Trainee: 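This is the structure I have questions about; it appears just below.
In this text the structure is predicted, and so the values were computed from the model without any measurement. Residue numbers begin at 1 in each chain, while the letters A, B, ... track the order of the sequences.
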Protein chains: 2
Amino acid sequence: MPSERPLNSTAAALLGLLHDGPMTGWDLLATAQLVIGDFWALNQSQVYRELSAMAGAGLVEAGDPGPRDRRPYTITDAGRAAFAAWVRRGPGAETVRFPLLLTIAFGRHLPPGRLAEIVAEHRARHRERLDGYVELAAGLGPDPYARATLDFGIAYERAVLDWFDGLPPEIRGG
Amino acid sequence: MPSERPLNSTAAALLGLLHDGPMTGWDLLATAQLVIGDFWALNQSQVYRELSAMAGAGLVEAGDPGPRDRRPYTITDAGRAAFAAWVRRGPGAETVRFPLLLTIAFGRHLPPGRLAEIVAEHRARHRERLDGYVELAAGLGPDPYARATLDFGIAYERAVLDWFDGLPPEIRGG
DNA sequence: TGGTACATGTAACATGTTACATGATTAG
DNA sequence: CTAATCATGTAACATGTTACATGTACCA
C-alpha cells in the first residue's frame, strides 16, 4: 500500500483546490476552470474520474449527498501528503500543441487566401483572449501567485499578437 | 466507406511529410521531430500506429521491406485528398499545458526557497531553447513557412523569459 | 407547469506514454 | 566478435474527449 505512483497533475490540482475546504465535483470543475483553466484544461469527466480514483486511494473522502445529490469531497491527510509530495517534486516541461503552426508549416499546400483567412481568424481569438486577461488583471487582488499566472497569459498573448503582426504577406495576406 | 471521420492532426502531419516522397516510419519520426516537433510533439509508437491505421484506410501504401526491414510508406491519392481536406478545414485552438504555472498557482503550499529553485531551473531551460532557436534561425533558408514557425518559437521563448524576469521576489526569490 | 440550469455518472473511443521484445546492420 | 545504433512492432496503461442517460431544483 505504500509507494503508489505519483499523482498526475490534474489530480494534484484538484487536491490543491480541496485544501480550501470540501467541494463537490461540480464546484471543483467550475473553480478549476476559472483558476487554472487557462493553462491546465480539464473537463467534467476527468474531474469525476479523478475523484473516484482518489477516493479509492484514500486521498479524498466522499461525504453524504446533499440536495441534488451534491456530494462533497474532503481532502484527507493522505491527500495532503500526496499533494505536498507532488508540489515539492517540481513540474515537468510544458507542452505546447499549436495546430495553427502545423497548418502554417504545411502552408504551401494551401491557397494563400485561405491561409490568410485562417490566420486572421486566429489572430482575432488571441486579441479577445488578451483583452479578457487585461480586464481580469484590473480587478485582481494582491495574491502574487494568481497575478503571476495571469501575467503569463498576458505576456503570452501579447507575444502571439506581435508574432501575427510580423508574418510575411505570403502568410498574412497582402 | 465514404465520410470517414476527419484526420487527426498527427496523421495529417505525417501525410504532409509524405508529400515529399515515400518514407519509413523511422524516417518520418525523425523528420517530424525535426520539422514540427517543437509545436507538435509525437513519438515512435504514435507514428507506427497512425501509419497502420492510415494504411488500413487506404491513405498510404506500405512498400516492400528493404534492408533492416525498412518499410517505405507512400501517400495515395486518397491520402492526398484527406490531407487537402484537413489543411483546408483550418486548425483548432492551441492547448497550452504548463505544469509550472500549476505549481506557481499553488505556490503558497511550497517553501519559498523551493519555488525559487524550481523557477530558476525552468528559466534556464527556456534560455537554452531560445538560444537553440536563434542559432537555427541564422542558418535558415528562405522558406517563409519554416521561418514563421521558428519565429513563433523565438517570440514565445522571449516572452517567457521576460515573464520570468518580471516575477516578484516571493516567487523568484530575493 | 414547463423550461433552464444544476449535478452526477458512465460508456466508448481517441490519443499519448512507457516499456518491452525482436532482430538486422554497422563500426570498431 | 561485439557493442551501439537502426528499425519495427506490440502491449499495457494513462489521459483526454464526446456523447449520452438520468434525474433534481429553481424560477418565471
Trainee: Assess whether atom CZ of A:R89 is packed by more than 12 heavy atoms of other residues, nucleotides or ligands within 6.0 Å.
Mentor: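 Atom CZ in A:R89 is crowded, with more than 12 foreign heavy atoms closer than 6.0 Å.
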Trainee: Taking CG in A:D64 as the centre, count heavy atoms belonging to other residues, nucleotides or ligands within less than 6.0 Å. Is the count above 12?
Mentor: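 No - once you tally the heavy atoms of other residues, nucleotides and ligands closer than 6.0 Å, there are 12 at most.
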Trainee: Check whether any side-chain N or O of B:N8 sits under 4.0 Å from OP1 or OP2 of C:dA14, and answer yes or no.
Mentor: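 Checking C:dA14 against B:N8, no side-chain N or O comes under 4.0 Å of OP1 or OP2.
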Trainee: Measure CH2/A:W40 against C1'/D:dT15 and give the value in whole Å, please.
Mentor: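 Atom-to-atom, A:W40 to D:dT15, this comes out as 10 Å.
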Trainee: Report, as a single string ordered 5' to 3', how protein heavy atoms within less than 4.0 Å touch nucleotides 17-24 of chain D: B base, S sugar-phosphate only, - not at all.
Mentor: BBB----B
Trainee: Report yes if the side chains of B:L130 and B:R127 come closer than 4.5 Å at any heavy-atom pair, otherwise no.
Mentor: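 In short, these two side chains touch, coming nearer than 4.5 Å.
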Trainee: Quick one: is D:dG9 close enough that its OP1 or OP2 comes under 4.0 Å of any side-chain N or O from B:Y48?
Mentor: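 So the side chain of B:Y48 is outside the cut-off, no N or O lying under 4.0 Å from OP1 or OP2 of D:dG9.
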Trainee: Rounded to the Å, how far apart are B:D27 CG and D:dC6 P?
Mentor: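 Rounded to whole Å, this separation is 11 Å.
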Trainee: Return the residues of residues 10-25 of chain B meeting this criterion: a heavy atom under 4.0 Å from some atom of DNA chain D. Order them by number, or give none.
Mentor: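 B:T24, B:G25, in order of number.
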Trainee: Roughly, in whole Å, what's the span from CG in A:L51 to C1' in C:dT10?
Mentor: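 The answer, rounded to whole Å, is 15 Å.
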Trainee: Salt bridge (Lys or Arg N to Asp or Glu O under 4.0 Å) with B:D27: which residues, sequence neighbours excluded?
Mentor: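 For B:D27 the salt bridge (Lys or Arg N to Asp or Glu O under 4.0 Å) partners, ignoring immediate neighbours, are B:R70.
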Trainee: Determine whether B:N43 and B:Q33 satisfy the following criterion, side-chain hydrogen bond (donor to acceptor under 3.5 Å, both in side chains), listing intermediate values before the conclusion.
Mentor: CA-CA 8 Å; B:N43 64 33; B:Q33 287 184 335; over 6 Å; no
Trainee: Do B:Y156 and B:F39 have ring centroids that are under 6.0 Å from one another?
Mentor: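 Ring centres of B:Y156 and B:F39 not closer than 6.0 Å.
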Trainee: Could you check how far CZ of B:R70 sits from P of D:dA7, rounded to whole Å?
Mentor: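 Atom CZ in B:R70 sits about 4 Å away from atom P in D:dA7.
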Trainee: Are any non-hydrogen side-chain atoms of B:L101 and A:I36 less than 4.5 angstrom apart?
Mentor: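 No, their side chains stay 4.5 Å or more apart.
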Trainee: Tell me the interatomic distance from A:W26, atom CH2, to C:dC6, atom C1', rounded to whole angstroms.
Mentor: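 Rounded to the whole Å, the gap is 5 Å.
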Trainee: Answer yes or no: is there a side-chain heavy-atom contact under 4.5 Å between A:P91 and B:L102?
Mentor: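 Heavy-atom side-chain distance check fails, nothing below 4.5 Å.
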